[in-house]
Amino acid sequence: MTTTATVRIKLPAHLRKLARVDSEVAVDVTGPATQRTVLDALERTYPVLRGTIRDHRTQRRRAFVRYFACEQDLSHAEPDDPLPEAVVRGTEPLLIVGAMAGG
């Protein structure tokens, strides 16, 4: 049996403006809910976001983009690691955050 989850995603302001959406979007993910499958679904639903969160060629997270969920920094987790159960159930969103640098 194939499972489907609706994952909530909060995007940073510049990506919301680019995608022409409000603060939160939801995507349907078939199979395991991982960073890879969620971002694949996000880019399918909002093609204008392709290349803004992940590199087109390598599919690796862009340097100044971070992922958070359930008060955990998931930025360095493997792309195919399962997301927290609360994200899969839809009770918590996956946060995509534009990181800041400087000193």
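The CD1 atom of Ile53 sits 15.0 Å away from the CZ atom of Arg66 when rounded to the nearest 0.5 Å. Rounded to the nearest 0.5 Å, atoms OG1 (Thr34) and CG (Asp81) are 8.5 Å apart. Once rounded to the nearest 0.5 Å, the distance linking CG of Leu15 with NZ of Lys10 reads 15.0 Å. Taking CD of Glu71 as the reference point, atom CG of Leu95 lies at 10.5 Å (rounded to 0.5 Å). Put simply, CD on Gln59 and CD on Glu43 are 6.0 Å apart, with the number rounded to the nearest 0.5 Å. In this structure, the separation between CG on Leu83 and CD on Gln35 is 6.5 Å, given to the nearest 0.5 Å.
Of the possible donor and acceptor atoms, none in the side chain of Thr37 sits under 3.5 Å from a partner among the backbone N and O of Val29. Checking side-chain atoms of Asp22 against main-chain N and O of Glu24 turns up no donor-acceptor pair under 3.5 Å. Side chain of Arg62 to backbone of Gly98: no donor-acceptor contact under 3.5 angstrom is found.
In this structure, Leu74 and Ala69 approach most closely via the heavy-atom pair CD1-CB, 3.7 Å. Heavy-atom minimum distance, Arg54 versus Asp40: NH2-OD1, 2.8 Å. Taking all atoms of both residues into account, the shortest heavy-atom contact from Gly90 to Arg8 is O-NH1, 2.9 Å. When all heavy atoms are compared, the tightest approach of Arg36 to Asp80 is NE-OD1, 2.7 Å. Between Ser75 and Tyr67, the closest heavy-atom pair is OG-N, 2.9 Å. For Val7 against Ala33, the heavy-atom pair with the smallest separation is CG2-CB, 4.5 Å.
Val25 and Val97 are assigned to two separate hydrophobic clusters, defined by single-linkage of ILVMFWY side chains at heavy-atom distances under 4.5 Å. Hydrophobic cluster membership differs between Val27 and Phe68, with clusters built from Ile, Leu, Val, Met, Phe, Trp and Tyr side chains linked at under 4.5 angstrom.
Inter-residue side-chain proximity for Arg61 and Pro79 is flagged as unmet; no heavy-atom pair is nearer than 4.5 Å. Using a 4.5 Å heavy-atom threshold, the side chains of Pro84 and Glu92 count as separate.
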Going through the distances and angles, do Leu49 and Leu11 end up as a side-chain contact (heavy atoms from CB on, under 4.5 Å)?
CA-CA 11 Å; Leu49 295 179; Leu11 297 168; 4.2 Å; yes

List the steps, then state whether side-chain contact (heavy atoms from CB on, under 4.5 Å) holds for Thr3 with Val88.
CA-CA 11 Å; Thr3 59; Val88 177; over 6 Å; no

